[in-house]
Amino acid sequence: MEKEDQAQEQSLSSVRICRLFNWKYQIWKKHLMLHALFRPAGCKLGKGWSRDTMENFYHKLKAETDAWRLSDVNENFKVCPSYPEKIIVPLSCSDNSLKRAAAFRQGRRFPVLSYYHSRTRSVLLRSAQPLVGPNHHFSEDDENLLNAALMGQSHGFIIDVRYEQEAKQARSSGGGTENKDRYPRWSILYRSLERGQALQRSLTRLVGTCYETYMGRNHWLSNLQASQWLSHIKEALSLAGLAAECIEREGTCVLVHGEEGANNTLLVTSLAQLILSPDCRTMVGYQELIEHEWLQAGHPFQLRCARSGWAQGRFKQESPNFLLFLDCCWQLTRQFPMSMEFNEELLCTLASHAYSSEYGTFLCNNEKERNSYKVREKTHSLWGILNNFKQRKHLVNPVYERNPLAIWPSVAPQSIQLWEGFFLRYLVSTEHKERSWQRTWELVGKDPC
């Protein structure tokens, strides 16, 4: 009877949490349909939406190199519906050649610039898989685009975030990977990351384990390992570290793609930038990273974050790629406690709002949909609230010191830990963390208020 009572209590707890997330989501969806305006105190409509645009990103790049240009080939989203209207491409590539190259990539997501590394003058690119197909199609425009991206370097790496066999099998359905004979200056590395429903099931098993508080410690740890969530973190950090190593230590250009180029591809490119760039580790830079590499890059938040890991129902296109990214970021903040200007509270806030939010930042699947539904005109931006002084003071790391060096994450078993502050936040009291946070501010001689 005692075990039945404990199981019933655990089930009720999960149901309550599920109702909390789904209730907030339904309320927000109703607000959007009715064009109701949520008006948070101290925030005006339109505040926070003017993030670092592609134009500003290009102006920073132009100060470093003149080998790239800002193209409006995707004006009105007519070439690629999931890309922003303006993208950065090699100077030597014309808009007509970009259109032809887009036809050779799934979803028309042709290779675009993601990051420029000043010290080695190497670049990080991202795209979707090439449409090689069973007849071994090719595109000279796509080949010229990638060769131009090398900027005089003799060699580059293509990191395919799938198994080699999986990439080859994709040819039967019209996809595939680059032909080595057509891309002799590029070496292909296959490093698979879990995705889609398999990743969603891993999150579901993790959440179920976290709330099975009645079982013994050994059994609980065994279930935690069986969820494989920590293994996915290890693989993501390892692959991001590989991409960063190619750029920082080898001085070579890197192209990352999977199938669609909007899920694990963005996970790798954003983590690689966090490893390499001290600017991405600041409060402003981290927000710009999410804006540029997730929101504007076309990660389909509406499809991938349709329901939380606590929900009992499932949609086929759900996948917690963004949550995995935030978990990897938390691992970095724990391994390098002085290198990040933001703290765990910001990561928890972003994770919550990605699934259920009163703000419009994570609505829709891409910039085209946000423009179509006039999200900026009808909703408030989450960034506007987070950058408010009263809110921002709780999101800042009191011991932050700018670290100009790359931060190389450890993926040893003892280095990867469960993100208790998020996954156990309904079970574990945060009072000790709040006291510790306040005491830290006092020790460093600052007042967070």
Output, in order, the C-alpha distance, side-chain angles, deciding distance and verdict of side-chain hydrogen bond (donor to acceptor under 3.5 Å, both in side chains) for Gln228 and Ser202. CA-CA 6 Å; Gln228 296 187 326; Ser202 176; 5.8 Å; no
Side-chain (Ser357) to main-chain (Ala354) donor-acceptor, under 3.5 angstrom: no
Closest non-hydrogen atoms of Pro409 and Leu332, given as atom of the first, atom of the second and distance, are CB-CD2, 3.6 Å
Give a yes or no on whether the backbone of Lys368 and the side-chain of Ser372 come within a donor-acceptor separation of less than 3.5 Å. no
Do the ring planes of His117 and Tyr115 sit parallel (below 30°), tilted (30 to 60°) or perpendicular (above 60°)? tilted
Does any non-hydrogen side-chain atom of Asp72 lie less than 4.5 Å from one of Glu85? no
Within the structure provided, determine whether Gln197 and Glu318 are in side-chain contact (heavy-atom separation under 4.5 Å). no
Could you walk me through whether Ser319 and Asn321 pass the side-chain hydrogen bond (donor to acceptor under 3.5 Å, both in side chains) check? CA-CA 6 Å; Ser319 182; Asn321 302 89; 2.8 Å; yes
When the aromatic ring centroids of Trp330 and Phe422 are compared, is their separation below 6.0 Å? no
Charged N to carboxylate O under 4.0 angstrom, Glu260 versus Arg195? no
Hey, does the side chain of Arg162 reach the backbone of Tyr190 with a donor-acceptor pair shorter than 3.5 angstrom? no
Is the gap between the ring centers of Phe138 and His136 under 6.0 Å? no
Show the nearest heavy-atom pair for residues Pro134 and Arg171, with the distance to one decimal. CD-O, 2.9 Å
For Gln391 and Ile385, work out which heavy atoms get closest and say how close. CB-O, 3.4 Å
Do Trp229 and Pro320 have side chains that approach each other closer than 4.5 Å (heavy atoms only, starting at C-beta)? yes
Which atoms form the tightest heavy-atom contact between Leu145 and Cys93, and what is the distance? CD1-SG, 3.6 Å
Output, in order, the C-alpha distance, side-chain angles, deciding distance and verdict of side chain to side chain contact (heavy atoms under 4.5 Å, CB included) for Glu248 and Ile275. CA-CA 10 Å; Glu248 168 73 12; Ile275 292 171; over 6 Å; no
So, do Leu242 and Phe157 sit near enough that their side-chain heavy atoms are less than 4.5 Å apart? no
Compare every heavy atom of Leu295 with every heavy atom of Glu367, then report the nearest pair and how far apart it is. OE2-O, 4.2 Å
Check whether Gln106 reaches the backbone of Gly175 with its side chain - one donor and one acceptor, N or O, closer than 3.5 Å. no
I need the Tyr116 OH to Met151 CE distance, nearest 0.5 Å. 5.0 Å
Evaluate the side-chain proximity of Glu245 to Trp408: yes if any heavy-atom separation is below 4.5 Å, no if none is. yes
Could you label the plane-to-plane angle of the Trp383 and Phe362 rings as parallel, tilted or perpendicular, counting under 30° as parallel and over 60° as perpendicular? perpendicular
Side-chain contact, heavy-atom cut-off 4.5 Å: Leu125 with Cys253? no
Of Arg109, Arg108, Arg105, which meets salt bridge (Lys or Arg N to Asp or Glu O under 4.0 Å) against Asp142? Arg105
Going through the checks in order, is the side chain to side chain contact (heavy atoms under 4.5 Å, CB included) test met by Phe110 and Val79? CA-CA 10 Å; Phe110 56 94; Val79 174; 4.1 Å; yes
Least distance between heavy atoms, Leu395 atom then Met283 atom: O-SD, 3.9 Å
Is there side-chain contact between Val268 and Val161, with at least one heavy-atom pair below 4.5 Å? yes
Is the shortest side-chain N to carboxylate O distance from Arg69 to Asp95 below 4.0 Å? yes
Pair Asn397-Thr333, side chain to side chain contact (heavy atoms under 4.5 Å, CB included): steps then yes or no: CA-CA 10 Å; Asn397 176 13; Thr333 62; over 6 Å; no
For Glu344, is there an ion pair with Arg334 - N to carboxylate O distance below 4.0 angstrom? no
Taking it one step at a time, do Trp186 and Leu150 satisfy side chain to side chain contact (heavy atoms under 4.5 Å, CB included)? CA-CA 9 Å; Trp186 292 84; Leu150 289 173; 3.5 Å; yes
Pair Lys168 + Glu164, salt bridge at N-O below 4.0 Å: yes
Taking atom CD1 of Ile158 and atom CZ of Arg185, what is their separation to the nearest 0.5 Å? 12.0 Å
Derivation and outcome, ring pair (Phe, Tyr, Trp, His ring centres under 6.0 Å), residues Phe325 and Trp294: CA-CA 10 Å; Phe325 163 71; Trp294 289 90; 5.3 Å; yes
For Leu405, is there any backbone N or O sitting under 3.5 Å from a side-chain donor or acceptor partner on Asn403? yes
Does the plane of the ring in Tyr211 sit parallel, tilted or perpendicular to the ring in Tyr426? Use 30° and 60° as the thresholds. tilted
Check for a donor-acceptor pair, side chain of Ser139 on one end and backbone N or O of Ala101 on the other, with a separation under 3.5 Å. no
Applying salt bridge (charged side-chain N to carboxylate O under 4.0 Å, His left out) to Lys60 and Glu288, what does each step give before you reach the verdict? CA-CA 13 Å; Lys60 295 177 182 178; Glu288 292 174 353; 3.8 Å; yes
Which of Cys329, Ser270, Cys280 passes side-chain contact (heavy atoms from CB on, under 4.5 Å) with Tyr286? It is Cys329
So for atom CD, which belongs to Glu140, do other residues, nucleotides or ligands contribute more than 12 heavy atoms lying within a distance under 6.0 Å? no
side-chain hydrogen bond (donor to acceptor under 3.5 Å, both in side chains) assessment of Asp327 paired with Gln331: CA-CA 6 Å; Asp327 200 330; Gln331 305 290 337; 3.1 Å; yes
To the nearest 0.5 Å, what is the distance between CD (Glu250) and CD1 (Ile247)? 11.5 Å
Distance in Å, Leu61 CG paired with Leu70 CG, rounded so as to fall on 0.5 Å steps: 9.5 Å
dist Gln153:CD -> Thr120:OG1 (nearest 0.5 Å) comes out at 7.0 Å
Quick test of your reading of the model: are Glu55 and Lys86 salt-bridged, counting only N-O distances below 4.0 Å? yes
Supply the atom-to-atom distance Arg425 CZ to Cys348 SG, rounded to the nearest 0.5 angstrom. 6.0 Å
If you count heavy atoms of other groups shown closer than 6.0 angstrom to CZ of Arg205, is the number above 12? yes
Start with the C-alpha distance between Arg191 and Glu235, add both sets of side-chain angles, then the distance that settles salt bridge (charged side-chain N to carboxylate O under 4.0 Å, His left out), and finish with yes or no. CA-CA 9 Å; Arg191 298 291 189 276; Glu235 292 165 359; over 6 Å; no
State, with a plain yes or no, whether a side-chain heavy atom of Leu224 is found less than 4.5 Å away from one of Leu206. yes
Under 3.5 Å, is there a donor-acceptor pair between the side chain of Thr252 and the main chain of Cys246? yes
